[in-house]
Amino acid sequence: MREARTSAEPTEQRDRGGKTPAYYHPPAKPSLVLLKAGTSAAVILCLVTALIHVLLVFLHVAPPNPLSRQYSRQINAWVFPLFEQNWRLFAPDPESVNREISARTMHTAPDGSVQVSGWFDLTAVDNSAVKHNAFPSHTAQNTLRRAWSSYLETHGDDDQHRSERALMIQQYLTNIAAERISNHRGGAFESVQLRVITVPIAVPAAAGTAAAAPTSAETRYLPWWKVTSHGN
């Protein structure tokens with residue numbers, strides 16, 4: 001007479017000796033399956049985003065071509081202002097001037113008096129972060145410098161913005177100045193003004209010739225710009 005089976009384990013999961021075969025794998029828990037699926041989806045999303053970023057930045061720095069012209073609006077929307085480059089592929093554009101960008105603040109006291117601070121050298125903060133640093137950050141090297149270069153490209157001598165991108169660059173430059181002043185100096189203020197001193201880099205003298213006469217510096221004062229109140 002055949003002995004009754006007392007185990008709830010299916011017959012096909014046991015061998016003749018009553019042991020579970022080595023090739024049997026219990027079903028995975030639903031939570032573990034969802035975790036693996038979510039991790040895989042996140043990894044794929046990161047890879048796709050990285051590939052798209054590299055492609056758009058490449059089209060931005062590459063010489064003009066039909067693809068970059070056709071999708072220029074999408075490329076500019078992604079690149080500006082955080083990923084803008086200061087060079088073009090196969091055609092570097094080194095700086096020909098030194099600039100000192102400073103800022104000062106204005107605050108209206110409760111009694112109605114206006115208080116204007118002294119000038120704060122924003123460029124000196126970047127220079128101190130880069131000097132004697134073997135691995136200076138991209139922020140210290142390029143954020144302020146590229147913001148000013150973009151401002152020159154989008155604004156005329158009258159400092160009037162004539163496009164949405166020009167207004168965005170102006171606000172971007174204003175935010176940089178306000179944030180750095182707030183972090184390093186503190187105090188309450190509602191407006192900022194920038195001063196830019198431009199000194200051309202002298203051309204090295206050729207062998208047997210006299211050095212070129214130094215060029216005088218140019219100072220430019222920007223308008224007072226309103227900012228979100230700081231220090232109140």
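Quick note: numbers below take in every heavy atom, side chains included, and nothing from hydrogens, waters or symmetry partners. Keep in mind it's a predicted model, so treat the numbers as computed, not measured.
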Would you mind writing out the side-chain donor-acceptor pairs for residues 108-124 within the sub-3.5 Å range, not counting sequence neighbours?
{"unit_1": "Asp111", "atom_1": "OD1", "unit_2": "Ser113", "atom_2": "N", "d": "3.1"}
{"unit_1": "Asp111", "atom_1": "OD1", "unit_2": "Ser113", "atom_2": "OG", "d": "2.7"}
{"unit_1": "Ser117", "atom_1": "OG", "unit_2": "Thr105", "atom_2": "N", "d": "2.9"}
{"unit_1": "Ser117", "atom_1": "OG", "unit_2": "Thr105", "atom_2": "OG1", "d": "3.0"}
{"unit_1": "Ser117", "atom_1": "OG", "unit_2": "Arg185", "atom_2": "NH1", "d": "3.3"}
{"unit_1": "Asp121", "atom_1": "OD1", "unit_2": "Thr123", "atom_2": "N", "d": "3.1"}
{"unit_1": "Asp121", "atom_1": "OD1", "unit_2": "Ala124", "atom_2": "N", "d": "3.1"}
{"unit_1": "Thr123", "atom_1": "OG1", "unit_2": "Ile101", "atom_2": "N", "d": "2.7"}

Q.
So Arg145 and Arg99, do their side chains get closer than 4.5 Å, heavy atoms only?
A. no
Q: Would you please test Trp225 and Gln193 for side chain to side chain contact (heavy atoms under 4.5 Å, CB included) and show each step?
A: CA-CA 6 Å; Trp225 291 329; Gln193 182 186 31; over 6 Å; no
Q: Please report the shortest heavy-atom distance between Ala166 and His161, naming the atom on each side.
A: CB-CB, 3.7 Å
Q. If Ile, Leu, Val, Met, Phe, Trp and Tyr residues are connected whenever their side-chain heavy atoms lie under 4.5 Å apart, and connections chain through other members, are Met106 and Ile176 in the same group?
A. no
Q: Sorted by first residue and then second, give each salt bridge (Lys or Arg N to Asp or Glu O under 4.0 Å) pair with at least one member in residues 123-132; sequence neighbours left out.
A: Asp126-Arg180
Q. Mind checking what makes side chain to side chain contact (heavy atoms under 4.5 Å, CB included) contact with Ser150, not counting sequence neighbours?
A. Glu84, Arg146, Arg165, Ile169
(Q) If I compare all heavy atoms of Ala103 with all of Leu194, which pair ends up nearest, and what's the gap? (A) CB-CD1, 4.2 Å
Q: Could you please spell out the steps behind the side chain to side chain contact (heavy atoms under 4.5 Å, CB included) verdict for Leu59 and Tyr71?
A: CA-CA 9 Å; Leu59 291 175; Tyr71 297 100; 5.8 Å; no
Q: List the atom of Ser216, the atom of Pro200, and the distance in Å for their closest heavy-atom pair.
A: O-CD, 3.9 Å
Which donor-acceptor pairs under 3.5 Å do the side chains of residues 37-53 make with protein atoms, sequence neighbours left out?
{"unit_1": "Thr39", "atom_1": "OG1", "unit_2": "Leu35", "atom_2": "O", "d": "2.9"}
{"unit_1": "Ser40", "atom_1": "OG", "unit_2": "Lys36", "atom_2": "O", "d": "2.9"}
{"unit_1": "Thr49", "atom_1": "OG1", "unit_2": "Leu45", "atom_2": "O", "d": "2.8"}
{"unit_1": "His53", "atom_1": "ND1", "unit_2": "Trp78", "atom_2": "NE1", "d": "3.0"}

Q: Look at the side chain of Ser182 and the backbone N and O of Ala178, then say whether any donor-acceptor pair between them is shorter than 3.5 Å.
A: no
Q | ILVMFWY clustering at 4.5 Å (side-chain atoms), partners of Ile197 | A | Val199
Q) For Leu56 and Ile75, which heavy atoms make the closest approach, and how far apart are they? A) O-CG2, 3.7 Å
Q: Mind jotting down which residue pairs meet the salt bridge (Lys or Arg N to Asp or Glu O under 4.0 Å) criterion with at least one end in residues 42-55? Sequence neighbours excluded, please.
A: none
Q.
As a quick check of understanding, evaluate side chain to side chain contact (heavy atoms under 4.5 Å, CB included) for Leu222 and Tyr151, giving each step before the final call.
A. CA-CA 11 Å; Leu222 274 63; Tyr151 182 87; 3.8 Å; yes
Q. Given a cutoff of under 4.5 Å between side-chain heavy atoms of I, L, V, M, F, W and Y, with clusters grown through shared members, what are the other residues clustered with Val130?
A. none
**Q.** Neighbour count above 12 (heavy atom, 6.0 Å) for Glu164 CD
**A.** no
Q. Got Ser102 and Glu100 here, is their nearest side-chain heavy-atom distance under 4.5 Å?
A. yes
Q | Sequence neighbours excluded - salt bridge (Lys or Arg N to Asp or Glu O under 4.0 Å) pairs with any residue from residues 59-79 | A | none
Q. Any side-chain heavy atom of Leu173 sitting closer than 4.5 Å to one from Leu144?
A. yes
Q. Quick one: do Leu152 and Val196 end up in the same hydrophobic cluster if we chain Ile, Leu, Val, Met, Phe, Trp and Tyr together by side-chain heavy atoms under 4.5 Å apart?
A. yes
Q) Without hydrogens or angle criteria, can the side chains of His155 and Gln160 be said to hold a donor-acceptor pair below 3.5 Å? A) no
Q.
Looking at Asp157, I want to see if its CG is surrounded by more than 12 non-hydrogen atoms of other residues, nucleotides or ligands under 6.0 Å.
A. no
Q) With sequence neighbours left out, which residue pairs that include part of residues 163-182 fulfil the ring-ring contact (aromatic ring centres under 6.0 Å, His included) condition? A) none
Q: Taking side chain to side chain donor-acceptor pair (under 3.5 Å) as the test, write out the residues that go with Arg220, two or more places apart.
A: Asp159
Q | Results of side chain to side chain donor-acceptor pair (under 3.5 Å) for Arg195 - residues two or more places apart only | A | none
Q. Side chain to side chain donor-acceptor pair (under 3.5 Å) with Asp158: which residues, sequence neighbours excluded?
A. Arg162
Q: Could you tell me whether the side chain of Asn65 and the main chain of Pro63 form a donor-acceptor pair under 3.5 Å?
A: yes
